Structures are given as C-alpha cells and as structure tokens.
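Source: prediction; values computed, not measured. Naming: A, B, ... by sequence-line order, numbering from 1 per chain.
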Amino acid sequence: MEYKIADIEDIFNAEITQVLGNSEYLVKINDKERHLRILAMSTRGIEFLLDQKYHNIRYLENTTANIKMVVDGVQITLNKHHKLNQIVYKNTGETGRDDTQVNLRSQIPGKVVSIDAQEGAKVKKGDVICVLESMKMQVSVKSHKDGVVRKIKIKKGGSVAKNDVIAEIE
Amino acid sequence: MEYKIADIEDIFNAEITQVLGNSEYLVKINDKERHLRILAMSTRGIEFLLDQKYHNIRYLENTTANIKMVVDGVQITLNKHHKLNQIVYKNTGETGRDDTQVNLRSQIPGKVVSIDAQEGAKVKKGDVICVLESMKMQVSVKSHKDGVVRKIKIKKGGSVAKNDVIAEIE
Amino acid sequence: MIKKILIANRGEIALRVIRTCQALGIKTVAVYSDEDYGSMHVKKATEAYHIGEAAPAKSYLNQEKIVEVALASGADAIHPGYGFLSENSDFANLCAKNKIKFIGPSGKSMQLCGDKMKCKDAMAKAKVPTVPGSPDLVKDSDEALDIANKIGYPVLLKSVFGGGGRGIRLVKNDKDLKEAFEIATGESMAAFGKSALLVEKFLPKIRHIEFQLARDKHGNAVHIFERECSIQRRHQKLIEMSPSPVVDQKTRDKIGQLAVNTAIAVDYTNLGTAEFLRLDDGSFYFIEINARLQVEHPVTELVSGLDLVKLQIDIANGEEIPFKQKDLAVNGCAIECRINAEDTFLDFAPSTGPVSDVTIPAGPGIRVDTYLYPGCTVSSFYDSLMAKLITWGQNFEESRTRMLNALSDFYVQGVETSIPLYKTILQTKEFREGNLSTDFLERFNVLDKLKSDIKKDTIEKQDVALAAAALYSTYYSSRIKTTPEISMHWKSKLDRA
Amino acid sequence: MIKKILIANRGEIALRVIRTCQALGIKTVAVYSDEDYGSMHVKKATEAYHIGEAAPAKSYLNQEKIVEVALASGADAIHPGYGFLSENSDFANLCAKNKIKFIGPSGKSMQLCGDKMKCKDAMAKAKVPTVPGSPDLVKDSDEALDIANKIGYPVLLKSVFGGGGRGIRLVKNDKDLKEAFEIATGESMAAFGKSALLVEKFLPKIRHIEFQLARDKHGNAVHIFERECSIQRRHQKLIEMSPSPVVDQKTRDKIGQLAVNTAIAVDYTNLGTAEFLRLDDGSFYFIEINARLQVEHPVTELVSGLDLVKLQIDIANGEEIPFKQKDLAVNGCAIECRINAEDTFLDFAPSTGPVSDVTIPAGPGIRVDTYLYPGCTVSSFYDSLMAKLITWGQNFEESRTRMLNALSDFYVQGVETSIPLYKTILQTKEFREGNLSTDFLERFNVLDKLKSDIKKDTIEKQDVALAAAALYSTYYSSRIKTTPEISMHWKSKLDRA
C-alpha cells in the first residue's frame with residue numbers, strides 16, 4: 001500500500017510481506033525488507049521492535065483517509081489515499097469511457113469545494129471540472145474528453161453522491 | 001447491612017441513608033452519620049471524600065461472601081455474611097420447625113466439609129450435624145430438635161443442594 | 001507552632017505545599033472549585049472543602065469563603081501559593097484579623113512591594129540601583145528632556161495608565177521626545193482626563209536574573225543564590241536555571257547583598273524574590289520584589305538542598321533562619337522547564353481539555369512537580385502550567401542533557417504542550433553557550449528552528465510510521481492473529497463521533 | 001572511546017545503565033530472554049536482541065551468545081550490571097579475548113577478589129584487618145585450640161565445604177572445641193573424603209558497613225564514603241543508607257583509607273565495594289570486595305552528586321578519575337529500600353505474577369529505579385527485586401520521613417511486597433536512633449510489630465472500608481446513578497474465573 005506523510009513530499013510504500021509467527025513479521029518499507037517483532041498491542045497502540053529497535057506507537061485517529069499516530073513521541077499523519085486523485089480520474093476521465101458519453105459522473109461521494117469550469121467553456125480531456133472533498137481529502141474530478149461544457153449540474157458547497165452527474169460535456 | 005472485617009472481632013454496620021445528589025450521600029457507619037462525596041469511579045475502584053477526607057479504594061475481589069479491597073494502600077477483607085450461621089440455623093434447627101419433622105434439610109447449597117454427628121448418636125437441638133462450605137464460608141447445619149440421628153444422608157466432600165435432606169433425626 | 005495549613009490554591013503548587021506538610025507532620029486543608037472535584041490536591045490533602053464555582057473570582061479569590069473554611073476546619077495558617085491571593089495585602093490583613101497566620105510577608109510590606117513608585121523610592125534610599133529614569137511623574141516636556149539627557153538616549157516614555165506594552169514609546173533623540181511627549185499627553189488627556197508620564201532608560205538586550213531571599217522576624221536575612229529566567233515568551237518565563245551562566249561567585253556575593261538590602265528596605269519577612277535586569281556590560285538593575293514563593297523555586301531547592309516551603313513555615317512560626325549566608329554554596333546546576341498546555345504555533349494560545357494519557361519522566365536528577373494524571377483535565381479556567389520539569393546535574397551540561405532526555409520521555413495526550421519548543425531551545429548553540437536574553441525566541445528565530453526540528457523528527461520516524469501503518473492495514477483487512485492474548489482496538493474519532 | 005555498550009543484564013539495573021548512556025550519547029544494546037519480551041530494558045535500549053530461553057543459564061548466563069550479539073551489533077563494551085556474569089572472571093577474560101571492553105575490573109583482579117583465602121592473605125600483607133581466625137586451614141585440633149585461645153572465645157569452627165550457614169559450629173571453650181573438631185572432621189571425611197576446617201572469631205552483634213571504591217588504570221584511587229547495610233533478612237540487604245549513623249568524619253577517613261588499600265592490594269580497577277563488619281566497640285573487619293556496581297549504589301550517588309555508572313565508563317575508557325579524595329564531601333543523607341516481590345510472612349518467599357497496577361512515588365528527594373509498569377510481569381525466573389526506592393534529605397530524619405511518605409505512595413497490585421515491612425522498620429525507635437545490626441529483625445521482633453501495624457492500619461481504615469462496601473451494596477442492588485458519566489464495573493475473581 002502507498003502512503004503520503006503530511007509535510008513530506010515523497011510517496012512511500014509499506015506492506016507486510018511475510019508472517020513469521022511468534023509475533024514476527026517481514027515488512028517491506030520503500031522496497032527494503034525489515035524485521036518487525038510485536039511486543040505489545042493494546043487499545044492505545046502498538047509496541048514493536050523494528051530491526052531490533054524499539055518503537056512505541058500511539059494511535060490517535062483512524063479514518064478512511066488518514067492514520068494519525070504518535071511515533072516515539074512524534075506526531076505523524078499518514079495519508080492512506082494519496083492516489084485517490086488518480087483513481088478517481090482513472091474511473092472518470094482518463095480511460096475506458098466512451099467519448100460519445102455526455103455525462104461526467106462522480107465516482108466518489110463528496111462535498112463540492114470548487115467548480116473550475118464554466119458552462120459554455122471548452123475543455124480538454126483531463127481538465128479539472130470541479131474539486132470534491134471526500135474522506136477528508138480534496139479530489140479533482142477531471143473531464144473524460146475534449147469538448148464543451150454544456151451544463152454544470154452541481155453547486156459549490158453542495159453534496160454529490162457516487163454516480164451523480166457533475167457536468168454534461170459534448 | 002452488617003459486616004465483619006477480617007482480623008477484627010466486632011461486627012460493623014454500614015448503609016447509605018440518603019442520596020443528596022451531585023454525587024453526595026449520607027452514610028451511616030456504626031450508627032454515626034457521615035458525609036460522602038464520590039470524586040471518581042472506574043473499573044478499578046472508587047475515590048471519595050468521607051467527611052472532607054479523600055480515600056482511594058481499589059476493589060480486588062468481590063464474591064457473594066466477601067469484598068476484598070485496598071483502602072488507601074491497606075488491604076481489607078469485608079465479610080458480607082457474618083450472620084449466615086445464624087440465618088441458616090434460624091431456617092433449620094432453631095425455630096418454627098415441627099419437632100415431629102424427621103428430615104433435617106439444608107437451607108443452602110454447599111459442599112460437605114465435615115460430618116459432626118454419627119448415625120445412632122443422641123443429639124440435642126442446636127448440635128452441629130455437619131459443616132458446609134457455601135459462598136466461600138463455612139456454615140454449620142445444626143439439629144432442629146433433640147433426638148437420635150437415624151440416618152446421615154450426605155457424604156464428606158459431596159455436594160448438597162438447597163432443601164436436600166442432611167439427616168433423619170427422630 | 002503551625003499544626004494545620006489551609007492551602008488557598010490549586011494545581012501543582014498546592015501539591016508542592018502538601019508534600020512538605022506531610023514531611024513535617026502538618027495537616028493540610030485543600031479548597032476546590034466546581035472544576036476541581038477530581039484534582040490531585042483534593043486527593044492528597046488531609047481534608048478538602050468545596051468553595052465555589054469554577055471562575056477564580058467565585059472560588060480561589062473568594063477571601064471570605066476561604067477564611068471561613070480555615071476557621072471551620074481549624075487551620076491555624078494559610079499558604080497562598082503563587083498567583084490568586086498570594087500578593088493581595090487585603091487578604092494578608094484579613095488573615096491577621098482572624099488570627100490565622102498568613103505564610104508570607106506582612107500586609108504592609110506586601111503593599112509597599114506592590115507600589116512601584118514607593119518601592120523605587122525605598123530602593124533609592126537603600127542605594128539599590130533601579131532602571132535609570134524619572135524618580136516620579138514628569139510634569140512637562142522640559143523635565144523629560146532634562147532626564148533623558150541625563151540618562152542618555154534611547155529612552156522609553158511610559159504612561160502609568162498603560163500596561164502590557166501599551167502606552168510605551170521608544171524615543172531616540174530630543175526632537176522625537178518632544179513630539180512624543182505632546183502626543184502622549186494629548187492621548188492621555190483625551191482618554192483619562194489627566195496625563196501621567198514617566199521617562200525610563202531603554203535597555204535593548206537584557207537578561208532576567210533574580211535572587212531568592214529569606215528574611216525572618218528577627219531580622220536575619222540571606223539570599224539563596226540567583227536564578228536566570230531570561231528565556232521568556234510575551235514576558236512569561238519559560239525556562240529558569242540556577243546558577244546563571246553569567247554570575248560568578250563575586251557577582252553573586254555583590255548582587256546577593258543588594259538583594260538582601262531590598263528586603264531590609266521594605267521590611268520584608270518570609271521568602272521572596274528580588275528581580276533584576278542585567279545588561280551585557282554586567283550592570284544589574286532592580287525591578288521588583290515578588291512577595292511570594294515563585295513558580296521556579298525548585299531550581300533553588302535543587303542547588304541548595306533546602307526545602308523552601310519548610311523554610312516559609314519555619315519563618316511564619318517565628319523561628320530564626322537555621323543557617324547563615326556563609327553556610328550556603330551552590331551545588332551543581334538545576335534547570336526548570338515550565339510544561340504549559342499551549343500551542344506554540346498559535347501564539348502560545350492555551351490548549352485545554354481532558355488528558356487521556358500521561359507519561360511523566362523519572363530517574364536520577366529528575367524532579368517533576370505536576371497535577372497531571374491519566375484521566376485528568378486541563379481546565380480553561382486556570383493558568384496553563386501543567387507541570388514543572390526540573391533536572392539537576394553536577395554542571396550545566398549534565399543538567400541540560402538530563403532535561404533533553406526527560407523532555408523526550410514526557411508525554412501528554414490530549415493537549416498541545418510546550419515540550420517540543422523546549423527541546424529545540426535546549427539544543428541551540430546559543431542556549432548551550434549561555435547566550436541568553438529575554439528576546440531569545442525572536443533573536444534566534446527559535447520558532448523556525450522548531451518547525452524544522454519537527455520536520456526532521458517526522459523524517460526520522462517515517463519508516464516506523466509506515467511499518468505501523470502496514471501492520472494496521474494487514475490486521476484490519478485480514479485480521480491476522482498470532483497469539484490469542486494480542487488484541488487491538490482501533491480508536492477513531494469517526495467511530496467515537 | 002566507548003560508543004556502544006551491550007548490557008548483559010535485565011531489570012532495573014539494565015535501565016540504570018541505559019539512562020547514563022543516554023545522557024552521554026552512548027548507544028545501548030539490550031539482550032532479552034523469552035521471559036523478557038515486554039520488559040522495559042528492551043524498550044529503552046537503542047537495540048535489543050533475543051538471546052534465549054527464560055532460565056538464566058540459557059540466556060543471561062550464556063557467555064558465548066552474549067559476546068556473539070556484542071560482536072554482531074558492533075558494541076565495543078559490555079556492562080555486566082550486578083549478579084549474572086558480573087563477577088565471572090572467565091567472562092571478563094572472554095570479553096578481553098574478543099577485544100570488547102568489560103566494564104569492571106580485570107579478570108585477574110576479579111579472580112583474586114573471589115578467592116577468600118588468597119584475598120585474606122593479600123589483605124594481611126596490606127595490613128587490612130580481617131575477621132580474626134586461622135590464616136589458612138587448621139591441620140589438627142591442637143592448632144585450632146591454639147588459635148582459639150589467641151583470638152578468644154567464642155569462635156566459629158567452619159568447614160570450607162559448608163556454605164549458607166551449614167557446616168558452622170559455635171564453640172565457647174576448649175573442651176567444646178576439641179569435641180566439635182572431632183565431629184566436624186569425621187563428618188567431613190565421611191562426606192567429602194577430606195577435612196578442611198577454619199577457626200574464626202564469632203562476632204555476636206555486627207553492623208554491615210561498606211565503602212564505595214573507585215580506582216583508575218593510572219593508579220588513582222578514592223573511596224566515595226560508606227554505606228550502612230545492616231538491615232538484612234537471611235543475609236540479604238533490605239535497607240541501605242549513607243552516611244552510616246556510627247561513622248564520623250574521622251572514622252570515614254580512617255576506614256576509607258583502609259578500603260582504598262584493599263583495592264590497591266588486589267590491583268583493583270573500576271568501581272567496587274569493600275565490605276566490612278563493624279562491632280559495637282568501633283572496630284572494623286574487612287570481609288570482601290564486591291567486584292561490581294552494587295544494588296545500593298544510588299545512596300552513594302545521592303550524597304556525592306556523582307553518576308557512578310558514568311565513572312565506570314570513564315575508567316573503562318582509560319580516563320583518570322576527575323576528582324581527588326579531598327574534593328568529596330557527604331551531602332545530606334540517603335536511604336534506599338529494596339522493594340522486593342516477596343511475602344514477608346511466608347519467610348520472604350518470592351511472590352510473582354502479572355502486575356496489573358502500579359503507582360510509583362515521585363517528588364523532591366525521591367528517586368525510584370525500577371522496571372515496573374502497569375501490565376508488566378514479575379518473573380519467577382529472576383530475583384525478586386522490583387524496584388529501589390531511594391530518598392535524599394538534608395539529614396537522616398528528613399530522608400527517613402520522605403521515605404515513609406514515599407512508601408505510603410508506592411502501590412504494586414498483583415504481588416506481595418516488602419513495603420509494609422519497611423514502613424514498620426522505619427517507624428521503630430531503634431531505626432530512628434540508628435541502633436542497627438544484621439539481626440535487627442529478630443532482635444526487635446519486627447515481624448510481630450509488622451503484624452500489629454497491619455492490624456492498626458485495618459482498624460484505622462475500617463470506616464472507609466465500610467463506607468465503600470455500603471456504596472457498593474447500594475449500587476449493586478438499586479443501581480443508583482447520579483451522573484451519567486459515572487460508571488462502575490466490579491471486578492470479581494468469580495466473574496473472571
């Protein structure tokens with residue numbers, strides 16, 4: 001799984017690759033395999049040795065978008081869905097859709113943060129039509145084709161459900 | 001309610017006489033009324049002010065017979081059923097029963113710790129016939145009348161249910 | 001002899017006083033507001049009485065109620081702590097009237113300490129240097145010019161109606177002063193109907209250095225060394241230490257004697273603190289006497305071995321100070337960090353609420369005075385000081401290193417704290433070299449350093465965070481369980497909402 | 001210069017060493033057995049390696065495995081703590097062979113300290129008085145009689161094959177000695193095929209007083225005062241203090257110099273302890289050198305201001321001791337209570353198991369060295385020392401009062417502790433007066449006093465217990481709820497079973 005850490009630009013990768021038993025695991029972090037041994041787990045968090053080094057993690061908050069934790073006294077927020085933009089685009093504008101399709105639909109539910117195209121305007125495939133806030137993240141909804149925006153079907157500050165039509169583009 | 005404290009001879013009395021609200025109570029301890037204000041309660045125990053003085057009680061164990069607690073660092077065991085012997089006797093040997101009744105029945109369930117009368121022996125009303133362990137306490141079952149023990153219907157180490165016949169006394 | 005003390009305070013200082021009373025076998029009476037039912041001082045005192053609502057005016061400042069509780073509980077003395085009623089001469093007088101010993105100076109002496117002009121006057125007589133300036137209000141711009149030229153520019157033109165930085169003008173020459181005087185007078189006349197201006201020398205880069213005083217009713221007086229309290233934010237002390245890196249024994253003897261003279265000048269009894277400003281040229285100027293136990297008294301305790309609260313009680317009992325100046329020597333070095341519930345990046349705004357988890361550092365040379373416990377609450381009604389972390393070492397460096405380690409071990413969940421700021425400060429070259437001043441935070445851009453330290457920490461811990469996240473994802477999706485006793489519940493604000 | 005230290009130990013002493021390493025910026029390597037996954041020393045060290053099964057022989061005594069981890073982790077030194085391998089000269093030699101610094105004396109010196117007869121011989125040459133007796137094995141009863149008459153009755157006839165009180169006979173006159181010699185020889189021949197008997201003066205009422213030693217590789221040697229460790233049970237120290245109530249400065253100088261001479265006599269380097277017996281007539285007899293850091297070293301740290309682990313590391317680095325004897329002076333008084341997991345009334349039998357709740361005292365003058373935390377386990381595989389509670393005061397009485405308060409604040413749920421015993425001991429008139437001896441517990445019937453104290457405590461708290469019970473009954477039967485946030489879950493062994 002990929003993560004983004006608040007305040008750091010890079011995208012990181014981390015997953016458990018092997019369960020060794022006896023509370024031991026192999027974890028791949030940014031393509032490097034590390035040894036992890038769990039010492040204790042509780043409602044508050046987790047304690048483990050990572051390559052023989054002890055760490056104490058307190059989980060503060062866990063949403064679908066973020067994990068907020070205190071790592072050895074340092075507060076860190078991990079963003080679990082940094083690729084949401086891409087995923088949403090993939091499912092709307094980027095691929096697979098028929099160019100003859102008029103309706104641009106939202107693949108996610110969310111709140112409309114901004115509308116970035118005006119009715120009557122010419123847009124290219126991939127241009128941002130609007131930005132939604134979803135799962136505490138801002139996600140751009142991009143045009144699925146080159147064309148003209150016939151109608152914007154949403155309002156700033158309003159809510160959209162999954163599959164709602166965002167705009168008609170011809 | 002009456003209590004006995006392990007290691008102390010006297011019998012003590014304690015009950016809440018009034019709920020004042022705002023976590024405040026009047027408690028009567030050995031006929032003296034005291035003011036009690038609860039500060040905190042948790043799974044571990046209770047903290048209160050008794051007549052303006054703070055106390056911290058940790059509950060270690062609670063059975064039908066005992067409460068074991070740590071009061072300001074001092075471990076104290078309160079016996080909740082110090083009068084069980086009397087109560088049981090009241091319901092078996094002491095009163096109300098017809099002298100013509102042959103069967104001595106147990107008023108409580110328990111395990112037979114000892115048998116203190118032999119078949120054929122003469123017994124007086126109030127003599128101990130057997131001792132049961134019940135609710136972590138030892139309780140004597142006493143004869144309900146003067147007579148001769150015809151039959152002992154229990155075995156040492158065995159269990160008796162409430163109303164089981166302990167012995168036939170004629 | 002005092003047998004039972006009512007502590008007219010809350011929080012860590014109430015606990016501090018209780019601790020000494022326990023050691024001396026003196027009974028204690030706590031008082032508490034609606035907000036403080038579950039507070040530690042209620043739990044640790046011999047008795048505890050409810051005195052009113054959360055707002056200080058309705059409880060901890062309610063003089064009559066507090067005296068009433070003292071009388072009802074049979075307390076023969078009141079310890080005011082710091083803040084609240086500690087420097088209120090009316091309260092000291094009220095205690096005296098009710099034949100309750102007030103553990104502090106007399107009301108009269110306290111009043112004199114609180115009146116800046118009268119105090120300055122007393123110091124002039126005692127030949128204690130104060131910040132150069134007009135001895136009293138200046139009547140016109142000519143007098144102001146005269147004084148400014150005598151003490152030298154730049155000077156501050158201060159309105160006595162100001163306060164907290166308002167009504168103060170920095171002036172660099174005669175022309176500016178004349179102009180500023182006109183404007184200030186005009187403003188003051190418009191707002192208050194009268195003008196009241198002072199001229200004072202502007203001191204650009206200053207250290208705050210104070211001396212701990214003790215004086216008994218028999219006239220014996222000593223100072224118990226200095227404390228350097230230059231690390232401040234918005235005129236609030238953050239870090240204090242004893243000894244000061246710029247005070248050698250000769251200076252300590254000299255300024256210490258001056259400090260003792262200030263106590264004599266206002267007939268001060270019990271413990272107090274003489275505060276001075278120190279310039280880079282080594283000159284000291286007296287500012288004021290704090291007529292109470294200071295927040296930062298533990299650093300003095302650690303380098304002197306004394307129990308200052310015990311000393312307060314002894315003096316209140318009419319006893320003589322049981323040592324002489326020559327018996328005292330600075331042992332090692334102590335540093336205190338005030339652990340405040342505040343958000344450094346929100347201009348130190350208070351951060352309040354329930355504290356679900358606390359880890360308090362411990363070990364050799366570490367002392368923590370605090371009211372914190374897991375499950376307690378940091379109230380918005382009272383000041384933001386949650387804990388004082390004090391370390392002792394054989395020398396400054398040992399004390400500093402212990403402090404850094406202890407800060408890392410200190411964890412408070414639920415509120416923002418000043419802990420990260422202190423870690424950054426203690427690691428600066430300037431702090432290590434003792435290059436301190438009251439504008440330390442601005443002068444060395446400490447908040448920028450803090451930001452960069454936080455980023456560095458995040459980068460250092462990123463792999464661990466990722467491992468923890470990976471573990472979480474795996475657990476959450478497939479619920480691997482290796483041993484039955486391992487169980488995990490994930491807290492989530494969403495779940496709880 | 002040592003940069004990374006493997007700590008070949010566990011529990012509080014491993015944590016103690018880690019703490020100093022952190023302060024010095026030295027990395028630490030912890031080792032742990034199957035029993036110690038969740039132990040604090042694993043959590044606090046820079047790195048932690050699993051070394052084997054719970055039984056010490058399979059982990060903490062596994063010399064090869066520990067050296068292997070040291071090499072693998074790049075540790076350049078090993079700190080042995082106390083117990084386990086700390087006085088094992090083979091291990092010291094194995095470290096040397098692998099070019100790992102052993103933080104302690106040389107294997108050769110250690111071996112000499114461990115060999116009682118050779119050590120006694122070395123002390124005789126250095127003119128250090130040892131307990132009067134035969135300089136070597138006595139060959140026949142005539143020699144035994146000769147020696148007994150020289151040193152005076154009563155004497156002890158000891159078999160070197162004995163140990164822990166076995167094979168020791170108290171003899172009061174010539175006739176008894178002759179008889180005892182025959183019997184002892186016969187027994188020994190029957191059991192071991194040879195006889196090996198010693199004669200030693202019987203010392204009826206003794207104090208255990210020891211001196212902290214430090215000697216560097218350059219030959220500089222100092223003592224860091226005495227510790228009185230007379231309060232014992234079954235030859236195990238329970239309470240230690242510094243200074244001793246019977247050691248004045250003159251005695252300290254004199255016996256301290258003797259102690260330094262013992263270190264020189266066996267070419268001892270690093271920190272060690274010279275143990276003495278002291279009789280009521282003021283005479284001191286050397287018994288042995290403990291070639292390691294002692295459990296009770298914190299009392300010396302508190303009265304000297306020194307970090308003894310730092311001193312060990314400095315000496316191991318080949319540095320000179322950074323002070324002279326004349327620089328050292330006793331500051332105040334420190335007392336240590338060893339908080340053991342044991343049942344005083346079951347002949348001090350170990351009490352082990354999970355510790356669900358712990359409250360550790362804190363405050364000025366209080367130091368706690370411990371591995372305890374809520375949720376930890378007291379293992380049956382290792383010794384019963386859970387914590388060391390050490391208090392400092394300006395004098396004995398302040399230290400004692402602080403200790404009593406701290407003991408009351410110390411709470412360990414799940415195991416029996418020696419805390420109540422210490423409260424009783426510290427309150428006896430005899431302890432307060434410093435009337436100490438190794439048979440203190442028996443001499444003053446302390447266990448009877450403890451029983452009566454416990455009863456007194458119960459009576460004192462009975463009303464509170466009854467109020468708590470009444471509250472419980474009411475809650476349980478009618479479930480009164482005054483405020484919604486108050487909730488109560490009643491623990492019951494029955495429910496959990």
Asks: What part of C/Ile459 lies closer than 4.5 angstrom to a heavy atom of chain A: side chain, backbone, both or neither?
Replies: both
Asks: Could you list the donor-acceptor pairs under 3.5 angstrom formed between side-chain atoms of residues 333-341 of chain C and any protein atom two or more places apart in sequence or on another chain?
Replies:
unit_1   : atom_1 : unit_2   : atom_2 : d
C/Arg338 : NE     : C/Glu240 : OE2    : 2.7
C/Arg338 : NH2    : C/Glu240 : OE2    : 2.8
C/Arg338 : NH2    : C/Glu296 : OE1    : 2.8

Asks: Side chain, backbone, both or neither: which part of C/Ser408 has an atom under 4.5 Å from a heavy atom of chain A?
Replies: neither
Asks: How long is the gap from OG1 on C/Thr359 to CG on A/Asn56, to the nearest 0.5 Å?
Replies: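 The CG atom of A/Asn56 is 7.5 Å from OG1 of C/Thr359, to the nearest 0.5 Å.
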Asks: Could you walk me through whether C/Asp463 and A/Phe12 satisfy the side chain to side chain contact (heavy atoms under 4.5 Å, CB included) test, starting with their C-alpha distance in whole Å, then the side-chain angles of each, then the deciding distance to 0.1 Å, before giving a yes or no?
Replies: CA-CA 9 Å; C/Asp463 281 11; A/Phe12 301 96; 5.6 Å; no
Asks: Can you pull out every ring-ring contact (aromatic ring centres under 6.0 Å, His included) where at least one residue sits in residues 145-170 of chain A? Sequence neighbours excluded, please.
Replies: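 As it turns out, there is no ring-ring contact (aromatic ring centres under 6.0 Å, His included) pair with a partner in residues 145-170 of chain A once direct neighbours are skipped.
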Asks: Is the number of heavy atoms from other residues, nucleotides or ligands under 6.0 Å of C/Lys237 NZ greater than 12?
Replies: yes
Asks: Closest approach of C/Ala468 and A/Ile57, non-hydrogen atoms and distance?
Replies: CB-CG1, 4.0 Å
Asks: Indicate yes or no: at least one non-hydrogen side-chain atom of A/Ile76 is less than 4.5 angstrom from one of C/Val464.
Replies: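 In short, these two side chains do not touch, never coming nearer than 4.5 Å.
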Asks: Hey, what do you get for CG (C/Leu466) to NZ (A/Lys28), rounding to the nearest 0.5 Å?
Replies: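 Answer rounded to 0.5 Å: 13.5 Å.
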Asks: Which one wins on heavy-atom pair count under 4.5 Å against chain C: A/Lys53, A/Arg58, A/Glu15, A/Gln75?
Replies: A/Arg58
Asks: Quick one: which of A/Ile8, A/Ile5, A/Leu36 has the most heavy-atom pairs under 4.5 Å with chain C, could you say?
Replies: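 Heavy-atom pair counts peak at A/Ile8.
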Asks: Given a strict heavy-atom distance threshold of 4.5 Å, which part of C/Lys455 is in contact with chain A: side chain, backbone, both, or neither?
Replies: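 Looking at C/Lys455, just its side chain touches chain A.
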Asks: Which answer fits A/Val71, side chain, backbone, both or neither, if we ask what part of it has an atom under 4.5 Å from a heavy atom of chain C?
Replies: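 When you check distances to chain C, atoms from both the backbone and side chain of A/Val71 fall under 4.5 Å.
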Asks: Name the option with the most non-hydrogen atom pairs under 4.5 Å to chain C; the candidates are A/Leu78, A/Asn13, A/Val27.
Replies: A/Leu78
Asks: Which heavy atom in A/Phe48 sits nearest to a heavy atom in C/Ala467, and how many Å separate them?
Replies: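 That closest heavy-atom pairing would be CZ-CB, 4.2 Å.
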Asks: With a 4.5 Å limit on heavy-atom distance, are the side chains of C/Gln462 and A/Ile29 in contact?
Replies: no
